[in-house]
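Down below is the structure, laid out as structure tokens.
Note on naming: letters A, B, ... go to the chains in the order of the sequence lines (proteins, then strands), and numbering restarts at 1 for each one. Model, not experiment: these values are computed from the prediction.
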Protein chains: 2
Amino acid sequence: MATPLEKARKDPNSMKARILKVARRMYGEYGYHGTTTRMIALEVGIDISTLYYHWGEKTDLYESVILDINNDLRNKLIEVEKVIHGRPLARRLGIAIDMVTDYLFECPEISNLVLFQYFRKTRKEPNLDFHVPDFISDIARSMDLCKTGESIPTSASMRVLAMMNSIHNFISGENFFREMLKLKREEYIDHVKETLEFMLIPAFNGGSQGQTDINQTDIRR
Amino acid sequence: MATPLEKARKDPNSMKARILKVARRMYGEYGYHGTTTRMIALEVGIDISTLYYHWGEKTDLYESVILDINNDLRNKLIEVEKVIHGRPLARRLGIAIDMVTDYLFECPEISNLVLFQYFRKTRKEPNLDFHVPDFISDIARSMDLCKTGESIPTSASMRVLAMMNSIHNFISGENFFREMLKLKREEYIDHVKETLEFMLIPAFNGGSQGQTDINQTDIRR
DNA sequence: ATATAATTCCATCAAATGATGGAAACACAT
DNA sequence: ATGTGTTTCCATCATTTGATGGAATTATAT
């Protein structure tokens, strides 16, 4: 119960938690420089100084937001792994795509912030944690890209990144793409899942030979 | 010779062109709100009012930048299409990945700005052109996702978007991913191409049956 | 009820930022 | 050389933005 983040997670109705929730959405929507502390405070319905009282500087709040969404995503992936454990690879992928996509469409700020974290610079760099996230190794193992116990090869990390980013892209780009393609939300979500299956299943399933039948008949429409 | 953009394109040494070039890089690196007109002017080595003299408001300059990179990308894709025309699908994809990746690694601001355009909101929305870019249809046809003359189905658009975004992701995320994986630039580029081939070729080549041999033996390592 | 601590808001600051008017410098034709 | 139009810079504004001190309010313990 040391950090403000832990306090916020303990009581979701606390002011800290309310601010954090809005900050996630706003930072996700407008990015770091595009979001002002006043915008967040206004949306929460409090004075700006209350925000500073709880979270300190703007960068501190942003870092907490990043930690928070990374934590949520990690938990979700662990949950998914429990569900798909033991099934054949193509089936695992299909379920994982389905679950992760549904989850991220409910919390699109996660995809926004993950991509933002990867792609954009801030004027003064507060970037600290330049390490391979642990869940990338977990996913790699779950996708049979490397054996348990072994250290994960670079190409496996790259493939996991490619997979995760493909998903994030469609979540994060929803507004733009949906408007472009004139789709309703549900239609769009279905198309996203179909497209992800189209791209990911042949690639990852093709690696381990002799299962192409599963791929063709069981998963794809 | 009406718009400032056309003037800038005519003479690459003109002040307009010099400003545009720097603006592309800065906007790409820090995003719209993360880039100030002073940052751009400072980098060019001119006074801020000179920038306003040539390009007007900040949003105007940004819009010109977007038009400029869309134009460059479109031209490159046309060039690629000429090279790959007539070859077998898997080969076309391999060459296209190679050429487009090389190009974007030379002009990473294009990937940055394309993704920025898709994902991020600005506080006041200047978004105008919410139409399917013409080159998406061209790519779809080039990838055998629809026949010439036909209107392009939604799923084909989605697949093209997925493909393009996969490439942009690795360009745009270079700093983050390379640091994470401790790779030299050349190593990283090779890994990117390999990963893209791994993901894209089975998917797009598998769609048209009976060519899996080409896929397995000719392109992938 | 009262003292103490935690929370919230009001007023305000300094710096950063988008933007402009006008003087100076420059280019160039006559 | 002179005049004309273009380009560049200096000085300056009005807002916006991150941030804080201190008063007022609320909660909590005794």
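Separating the NZ atom of A/K58 from the P atom of D/dG18 is a distance of 4 Å, rounded to the nearest angstrom. Per the geometry, OH belonging to A/Y27 stands 13 Å off P belonging to D/dT17, to the nearest Å. The distance from atom CG of A/L42 to atom C1' of D/dG18 is 16 Å, rounded to the nearest whole Å. Note: CD1 (A/I40) to C1' (D/dG18) measures 12 Å, nearest angstrom. Rounded to whole Å, atom P of D/dT16 lies 10 Å from atom CZ of A/R38.
In this structure, B/E81 has no salt bridge (Lys or Arg N to Asp or Glu O under 4.0 Å) partners at least two apart in sequence or on a different chain. Remark: A/N71 pairs with no residue by the side chain to side chain donor-acceptor pair (under 3.5 Å) rule, at least two apart or across chains. Scored by the salt bridge (Lys or Arg N to Asp or Glu O under 4.0 Å) test, A/D72 finds A/R24 as partners (sequence neighbours excluded).
The aromatic rings of A/Y118 and B/F176 are tilted relative to each other, their planes meeting at an angle between 30° and 60°.
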Show me the donor-acceptor pairs, under 3.5 Å and distance only, between side chains in residues 157-166 of chain B and residues at least two apart or in other chains.
residue: B/R159; atom: NH2; partner: A/E194; partner atom: OE2; Å: 3.3
residue: B/N165; atom: ND2; partner: B/L161; partner atom: O; Å: 3.3
residue: B/S166; atom: OG; partner: B/A162; partner atom: O; Å: 2.7

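The residues A/E187 and A/R178 are annotated as not salt-bridged, no charged nitrogen and carboxylate oxygen being separated by less than 4.0 angstrom.
No cation-pi contact links A/K193 to A/F170, judged by a cut-off of 6.0 Å to the six-membered ring centre and 45° from its axis.
Across all strands, B/S14 comes closer than 4.0 Å to no nucleic acid atom at all (heavy-atom distances).
On the nucleic acid side, DNA chain C contacts chain B at distances under 4.0 Å to non-hydrogen atoms, with the end points of that region at C/dT17 to C/dG21.
Side-chain rings of A/Y27 and A/Y62 approach one another, their centers coming within less than 6.0 Å.
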Readout for nucleotides 4-9 of chain D: B = base within 4.0 Å of protein heavy atom, S = sugar-phosphate only, - = neither; 5' to 3' it is --SBBB
